[in-house]
Asker: 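This is the structure, below, for whatever I ask next.
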There are 2 protein chains.
Amino acid sequence: MDLKKLRYFLVLADELHFARAAARLFIAQPPLSRQIRQLEKELGVELLVRTKRTVKLTAAGEYLRREAAALFAQVAALEGQVKLVGQGTLGQVKIGYVGAVMHTLLPSWLTELGRAYPHIGTVLEELPNQAQVDALRAGRLDLGFVRSPVAGDSLAAVPVLTETFSLVLAAAHPLAAKPDLALADLAGEPFICFSRDCAPAMVDAIFALCRAAGFAPRKAHETSQINTILRLVESGLGWSVVPSGVADGYRLNLRYVELAGSPERAEVSLLYNPALLSPAVRNIVALFTQLAKGEKKGR
Amino acid sequence: MDLKKLRYFLVLADELHFARAAARLFIAQPPLSRQIRQLEKELGVELLVRTKRTVKLTAAGEYLRREAAALFAQVAALEGQVKLVGQGTLGQVKIGYVGAVMHTLLPSWLTELGRAYPHIGTVLEELPNQAQVDALRAGRLDLGFVRSPVAGDSLAAVPVLTETFSLVLAAAHPLAAKPDLALADLAGEPFICFSRDCAPAMVDAIFALCRAAGFAPRKAHETSQINTILRLVESGLGWSVVPSGVADGYRLNLRYVELAGSPERAEVSLLYNPALLSPAVRNIVALFTQLAKGEKKGR
DNA sequence: CCATTATGATACCTCAAAAGTATTAATAAG
DNA sequence: CTTATTAATACTTTTGAGGTATCATAATGG
C-alpha cells in the first residue's frame with residue numbers, strides 16, 4: 001500500500017466521481033481507475049461499489065477513508081517534526097553538570113532554554129568532571145557543565161562562569177567572629193578538601209591561594225561533592241575554600257569570606273563533542289554562549 | 001515522502017551500510033543511495049552522515065527512524081483492519097428494534113453476537129416498525145427487528161420469532177379471579193389497544209382473535225408502546241392482548257391467559273436492506289437466522 | 001422507444017523514474 | 001605504497017504510471 005494510491009482513494013472517496021477526482025488530482029481518469037483497482041487488489045477488499053452510474057463506498061471503503069485521513073495527518077506531522085529536529089528546535093538533549101552550577105546559573109539558563117526552544121526536552125544528570133568528559137566522548141551525553149580547564153582534547157569548551165573563591169568556616173567556629181578574617185589565620189586548622197581527581201585545576205588554584213597566604217593547608221577530609229564539604233565545615237570539622245557562587249545556594253550556618261584579592265579563579269565551562277554535534281546542541285551552545293556573555297557584562 | 005523511500009531508509013538505518021541494506025531490500029546499492037538522497041532532499045534535512053567509510057544517523061535520522069517504525073506498524077494495522085471490515089468481522093452495526101424483543105430474544109442474541117464477532121460494535125435504538133423501515137431504506141439503520149409482515153418491498157425479512165397471544169388483565173380486576181377466564185368474558189370491558197399504525201398485522205390478528213370469540217372489543221385507549229399498555233392494564237383502565245413473550249419481561253401485578261387455541265400468531269422479523277448489505281451485516285443476518293432456527297427447534 | 005449524454009472500463013502508446021551495470025573517488029588497513 | 005572497502009557517479013535498461021482514444025452501459029429526455 002502506497003501513500004500515492006491512498007491519496008488518490010481519499011480524493012475519490014470525497015468526490016465519489018472518477019472524472020472529477022482525477023481532475024482534482026491533475027491526472028486523467030483511466031490512471032485513477034487503475035490505481036484504485038490496484039489498491040483494492042492489494043488489500044483484497046472492494047472499496048467501492050461502481051454501479052448505476054454512481055460510485056459508493058463499501059463498509060471497508062468508509063473505514064479506510066476515515067483511518068487514512070488520520071494516517072496522512074500523522075505523515076504530515078512527522079515530516080514537520082523531522083524538519084524541526086534538523087533545525088535543532090525539537091529534540092532531547094542530555095546535559096551533565098557539576099553540582100555547584102545547580103546553585104548558580106543552571107536553573108535560570110534552563111528557564112531561558114525553555115523560553116527559546118520550548119520543544120527541546122532535557123535529561124539532566126549531576127556528574128563529576130571526568131565522568132562527563134567520558135560520557136561526552138562516548139556520545140552518552142550531549143552537553144556538560146564542568147570545572148575547567150579539562151584535559152579533554154577533541155572536546156570543545158566554552159567558558160561560561162568565572163568565580164572568585166571564598167573561605168568558608170562554621171559560624172560557630174571560634175575564629176568566625178574575627179572581623180578581618182583572612183586565609184592565613186587558618187594555617188593550623190584542619191582543611192576540608194575537594195577531591196583533586198574530579199577537578200584538578202580548581203584544587204590546584206585553592207592550594208595556590210594558600211601558598212600565597214604563606215602556608216600549606218592541613219588536609220583532614222576529602223570529598224567530591226560541594227554539599228558534603230559545606231556540611232562537614234558546618235559541623236566544625238574544619239574549614240574550606242569553595243567557589244563564591246555556592247554561598248548563595250546553601251543556607252547553612254556558615255561564615256564566608258570572599259578572597260577577591262588574589263588572581264585565582266574557579267571557572268565553569270560548557271563542554272561538548274564537536275564530532276557529534278546535533279542541531280539542537282548547536283543551538284543550545286549558541287544560546288548558552290550568548291547568556292555567558294550577558295553574565296560577564298552584567299557584573 | 002513515499003512509503004517505499006521510508007522503508008528503504010528504515011533498513012539502511014538498521015544496517016548503517018548501503019551495500020548490505022540494498023541486499024536486504026533486493027536492489028543494487030546505487031539506487032538505494034539515490035533514493036535516500038532524494039528523501040533527504042524532500043525533507044530538507046540530512047538524515048545520515050556519510051564519512052570515514054562509515055555511515056551514521058543524524059539526530060533527525062534517529063528521530064525519523066523511531067517515528068517511521070511506528071508509522072509502518074500503523075499502516076500494517078490499517079491494512080489488516082480494512083481486510084477485517086471487508087470480511088465482516090470488524091465494524092459497527094446500527095440495529096433498530098421494537099420494544100418487545102428487548103424482553104425476549106435480543107439480549108441473548110447480542111451475547112451470541114459478541115461471542116461470534118467480538119470486534120463488531122452495535123448501536124441499538126428502540127424504534128416503532130415504520131420508523132425502522134424508513135431508516136433501513138435510507139441507510140440510517142443496518143438491521144431492524146420488526147413486527148412482521150411489513151409492507152416493505154426492497155427490504156429483506158427473515159422471520160425470527162413466532163409467539164402466541166396472551167390476554168392480560170390487572171390482578172386486582174374482578175374477573176381476574178375467574179379460573180377458566182377466556183377472551184369472551186371481556187366483551188363488554190374497555191380494551192387497551194396497540195396503535196394500528198405501528199404494527200397493522202399484529203393489531204389485525206388481535207381483532208381477529210376477538211372476532212373469533214364472538215365480539216368486537218370496545219377500544220378505550222390506544223398507544224404504541226407495550227410498556228404503556230401493561231401499565232394502563234395494571235391500573236385497571238382495561239384489558240388487552242399482547243404477544244406472550246412480554247409476560248416474562250415485565251414483573252407487574254397482572255394476570256396473563258395464553259390464547260394458544262387460536263391460530264393467530266405475533267411474528268417478529270429481522271429486516272435489512274439487501275442493496276446496502278455490508279459484510280458485517282451479512283454475517284450478522286446469517287448468525288441470527290441460525291439462532292432463529294435453533295429457537296424454533298428448541299420449542 | 002430511441003437518441004443522447006454521462007460515466008467508468010479497456011486497449012494501446014508514451015515517457016518518466018526507478019533499478020541495474022560499470023566505474024570512480026576516497027579512505028582506511030596492511 | 002598498495003590493497004581493499006565503500007559510497008558516489010555515469011550511463012543503460014526496464015518498469016510502471018500517465019495519457020489518448022474508444023467502448024460499454026445506464027440514465028435521461030423527447
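Small disclaimer: the values here were computed from a predicted structure and weren't measured. Values below: every heavy atom of this structure, side chains too, minus hydrogens, waters and symmetry copies. By convention in this document, chain letters (A, B, ...) are assigned in the order of the sequence lines, proteins followed by strands, and residues within each chain are numbered from 1.
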Asker: Heavy atoms, side chains only, cut-off 4.5 Å: are L10(B) and R65(B) in contact?
Answerer: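 L10(B) vs R65(B): side chains touch.
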Asker: Could you give the CD-to-C1' distance, from E40(A) to dG8(C), as a whole number of Å?
Answerer: 13 Å
Asker: Counting C-beta onward and ignoring hydrogens, is there a side-chain heavy-atom pair between K5(B) and E42(B) closer than 4.5 Å?
Answerer: yes
Asker: Looking at R34(A) and dG19(D), is any side-chain donor or acceptor paired with a base atom of the opposite kind under 3.5 Å?
Answerer: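 A donor-acceptor contact between them is present.
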Asker: Among the nucleotides dA8(D), dG18(D), dG20(C), which one has an atom lying closest to any side-chain atom of Q35(A)?
Answerer: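 Minimum distance to the Q35(A) side chain belongs to dG18(D).
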Asker: Tell me: CG of L32(A) to C1' of dG8(C), nearest whole Å?
Answerer: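 The distance from CG of L32(A) to C1' of dG8(C) comes to 10 Å, rounded to the nearest Å.
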Asker: Could you tell me whether R7(B) and D2(B) have a side-chain N and a carboxylate O separated by less than 4.0 Å?
Answerer: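 Not counted as a salt bridge, because no side-chain N and carboxylate O are separated by less than 4.0 Å.
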Asker: In whole angstroms, how far is the P atom of dA8(D) from the NE2 atom of H17(B)?
Answerer: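 Going from NE2 in H17(B) over to P in dA8(D) covers 12 Å.
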Asker: Could you tell me whether D14(B) and R24(B) have a side-chain N and a carboxylate O separated by less than 4.0 Å?
Answerer: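 Between R24(B) and D14(B) there is a salt bridge, with a charged N closer than 4.0 Å to a carboxylate O.
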Asker: Between C1' on dA8(D) and CG on L48(B), what's the gap in Å once rounded to a whole number?
Answerer: 14 Å
Asker: Which part of the nucleic acid, if any, lies within reach of A28(B) when heavy atoms closer than 4.0 Å are counted: base, sugar-phosphate only, or nothing?
Answerer: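 Result for A28(B) = base.
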Asker: Quiz question: going by heavy-atom distance under 3.5 Å, is there a donor-acceptor pair between the base of dA9(C) and the side chain of R50(A)?
Answerer: no
Asker: Please report the distance, rounded to the nearest Å, between CZ in F18(A) and P in dG8(C).
Answerer: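 About 6 Å, once rounded to whole Å.
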Asker: Output the rounded distance in Å from CD1 (I27(B)) to C1' (dT21(C)).
Answerer: 14 Å
Asker: Of all the choices, dA19(C), dA21(D), dG8(C), which nucleotide is nearest to the side chain of P31(B) once you look at every atom?
Answerer: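 Selected nucleotide (nearest to the side chain): dA19(C).
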Asker: To the nearest 0.5 Å, what is the distance between CD1 (I95(B)) and CG (L124(B))?
Answerer: 5.5 Å
Asker: Check Q29(A), Q35(A), R37(A) against S33(A) for a side-chain hydrogen bond (donor to acceptor under 3.5 Å, both in side chains) and give me the one that passes.
Answerer: Q29(A)
Asker: I need the minimum non-hydrogen distance between L143(A) and L136(A), along with the two atoms involved.
Answerer: N-CD2, 3.7 Å
Asker: Near DNA chain C, counting only heavy atoms under 4.0 Å, which residues of residues 2-12 of chain B show up?
Answerer: K4(B), Y8(B)
Asker: Does dG8(C) have OP1 or OP2 sitting under 4.0 Å from an N or O in the side chain of S33(A)?
Answerer: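 False: S33(A) side-chain N/O out of range (4.0 Å or more) of dG8(C) OP1/OP2.
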Asker: Closer than 4.0 angstrom, basic N to acidic O: yes or no for K83(B) and E40(A)?
Answerer: no
Asker: In whole angstrom, what separates E46(A)'s CD from dA9(C)'s P?
Answerer: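 Result: 11 Å.
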Asker: With a cut-off of less than 4.0 Å, is there a side-chain N or O of R37(A) near OP1 or OP2 of dT10(C)?
Answerer: yes
Asker: Grab the two heavy atoms, one from G86(B) and one from V45(A), that are nearest each other, plus how far apart they are.
Answerer: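 Minimum heavy-atom separation between G86(B) and V45(A): CA-CG1, 4.0 Å.
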Asker: Return no unless some side-chain N or O of Q38(A) is found under 4.0 Å from OP1 or OP2 of dA17(D).
Answerer: yes
Asker: Send over the distance from E42(B) CD to dA18(C) C1', rounded to a whole Å.
Answerer: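 Roughly 14 Å, once rounded to whole Å.
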Asker: Which atom pairs link the protein and nucleotides 23-28 of chain C when you take only N or O atoms and keep those under 3.5 Å?
Answerer:
from    : atom 1 : to     : atom 2 : distance (Å)
dA28(C) : O4'    : R53(B) : NH1    : 3.3

Asker: Taking 4.0 angstrom as the limit, do R140(B) and D134(B) come out as a salt bridge?
Answerer: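 No.
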